[in-house]
Number of protein chains: 2
Amino acid sequence: MSKGSFRQQMLQVREDAIVASVNRLLAEKGFDMMTVDEVAADVGIAKASLYKHFASKEALAAAAMVRVLQRTQEVVRLQSQRAGASAADRLREVARWALQELLAGEMPTLPAQNSTLRAELMADKDYLELLMQVSEQLGEWIVQAQADGQIDRALPPELVLYTLYARACDPVPAVLKAGGQYGDAQIVDWVLATCFDGLAGRRA
Amino acid sequence: MSKGSFRQQMLQVREDAIVASVNRLLAEKGFDMMTVDEVAADVGIAKASLYKHFASKEALAAAAMVRVLQRTQEVVRLQSQRAGASAADRLREVARWALQELLAGEMPTLPAQNSTLRAELMADKDYLELLMQVSEQLGEWIVQAQADGQIDRALPPELVLYTLYARACDPVPAVLKAGGQYGDAQIVDWVLATCFDGLAGRRA
DNA sequence: GTCTATAGCCAGATAGAC
DNA sequence: GTCTATCTGGCTATAGAC
């Protein structure tokens with residue numbers, strides 16, 4: 001649990017830089033189109049050196065996914081400490097953060113279908129542990145929000161959870177941003193509205 | 001405009017079979033993971049023969065996209081002829097059809113980011129023409145539904161349009177189906193509800 | 001651990017006989 | 001037009017010197 005020697009700290013800093021690059025490239029191009037050469041060039045080291053830190057391209061992506069889950073967990077923790085917020089409020093703020101990350105090009109998007117990558121992620125204990133913790137907290141809020149009448153009681157909580165995860169990788173915000181007509185904050189507000197209130201909008 | 005000779009009809013039939021295979025493989029694996037060898041094996045011809053019909057892998061995918069737009073246009077045409085349906089009703093039924101295709105594994109999913117593929121699609125006059133026609137009809141319905149108060153007037157029509165297109169490629173239905181707990185019809189109803197009425201549900 | 005150089009592989013595309 | 005066999009390029013991963 002200690003930070004180890006100065007030498008180990010240097011290594012840690014370099015690995016953080018690698019993961020940050022992978023995170024951005026993954027958000028920009030996706031797993032398949034991202035090449036290890038690009039990552040090495042972006043970090044500024046030789047490709048062979050990358051493989052001293054991470055065993056494979058899949059391991060690189062997995063590290064980036066662990067990192068984004070860690071940041072998600074931190075956002076979730078902050079929301080859980082907010083006083084006077086309903087469960088639905090907390091869910092919406094977590095979703096807002098995810099959309100902001102997405103628009104900033106910081107949300108890695110994985111292909112749902114790449115088998116080698118899925119296998120690596122399903123074998124990664126850190127990833128699974130984090131995913132479970134985040135999902136459990138979100139699940140509690142979903143059930144509570146349904147009890148409060150702020151999330152549709154007819155929907156299975158797992159559908160709500162999957163939908164929130166899916167909106168964090170949605171192509172719509174990027175397409176709208178590419179149009180160039182609207183600012184990030186406006187886009188986030190609109191997409192949040194379509195997510196929680198639907199295309200039909202609030203009719204209360 | 002004629003169907004041409006018997007020989008040409010045979011060619012047409014074969015090309016239809018190729019495009020049908022590409023459509024399914026594209027839906028199943030996506031553009032990057034789909035290989036031309038798989039397509040050839042699925043159709044039952046040699047890879048070199050494929051290249052006599054289509055100049056590249058991108059051209060194969062483009063043909064499949066034209067085909068799905070043609071089917072979409074037909075669904076849109078049928079909805080436009082429905083008597084006593086509101087614009088919102090028509091939009092919802094088109095979305096329902098798209099979700100059914102998606103769950104049936106017949107909705108090709110393209111990576112939003114592959115540049116060679118985007119270039120090929122943007123250069124395909126058939127594709128662009130169809131996309132424009134479909135988008136114009138849907139756009140009219142969106143504006144009408146906003147006037148009727150059935151689609152949120154605060155949302156730009158283009159956001160509504162992009163959102164509908166995005167939901168036709170959404171990963172949520174497949175994930176829910178993979179869970180095995182729910183039938184296709186139930187999944188379609190729920191996802192349609194989250195799309196139009198939001199996670200919060202109707203509150204009128 | 002970092003580098004240069006290269007091995008090994010796979011997939012898109014083509015040559016050339018029939 | 002269809003086939004078998006092959007070329008070509010790019011990408012992951014590794015060898016081996018320093």
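In what follows, chains are A, B, ... by sequence order, proteins preceding strands, each numbered from 1. The structure presented is a predicted model; accordingly, all values stated were derived computationally and were not measured.
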(request) Starting at atom NZ of Lys47(B), determine the distance to atom P of dC10(C), rounded to an integer number of angstrom. (result) 13 Å
(request) Write down the distance between NZ (Lys57(B)) and P (dT14(C)), rounded to a whole number of angstrom. (result) 15 Å
Qualifying ring-ring contact (aromatic ring centres under 6.0 Å, His included) pairs, either residue in [range], two or more places apart:
{"range": "residues 167-199 of chain B", "answer": "Tyr182(B)-Trp190(B)"}
{"range": "residues 88-116 of chain B", "answer": "none"}
{"range": "residues 27-54 of chain B", "answer": "none"}

(request) Let me see the working for Arg77(A) and Glu74(A) under salt bridge (charged side-chain N to carboxylate O under 4.0 Å, His left out), right down to the final yes or no. (result) CA-CA 5 Å; Arg77(A) 196 183 61 77; Glu74(A) 180 61 16; 2.8 Å; yes
(message) Assuming nearest nucleotide by heavy-atom distance, tell me which of Lys52(B) and Glu58(B) is located more 5' along DNA chain C.
(response) Glu58(B)
(message) Would you say CZ of Arg118(B) has more than 12 non-hydrogen atoms from neighbouring residues, nucleotides or ligands within 6.0 angstrom?
(response) no
(message) Which residues pass the side chain to side chain donor-acceptor pair (under 3.5 Å) test with Thr116(B), not counting sequence neighbours?
(response) Glu58(B), Asn114(B)
(message) With a strict under 4.0 Å distance from non-hydrogen atoms of chain B, what nucleotide opens and what nucleotide closes the contacted stretch of DNA chain D, reading 5' to 3'?
(response) dG1(D) to dT4(D)
(message) Between Arg90(A) and Glu93(A), is the salt bridge (charged side-chain N to carboxylate O under 4.0 Å, His left out) condition met? List the steps.
(response) CA-CA 5 Å; Arg90(A) 302 186 210 272; Glu93(A) 288 312 305; over 6 Å; no
(message) Test salt bridge (charged side-chain N to carboxylate O under 4.0 Å, His left out) on Arg92(A) and Asp89(A); report intermediate values, then the result.
(response) CA-CA 5 Å; Arg92(A) 187 184 273 257; Asp89(A) 290 337; 6.0 Å; no
(request) Mind running a 4.0 Å heavy-atom check of residues 11-40 of chain B against DNA chain D and sending the residues that fall below it, in number order? (result) Leu11(B), Arg14(B)
(message) Between Tyr51(B) and dA13(C), is there a contact of a side-chain N or O with OP1 or OP2 at under 4.0 Å?
(response) yes
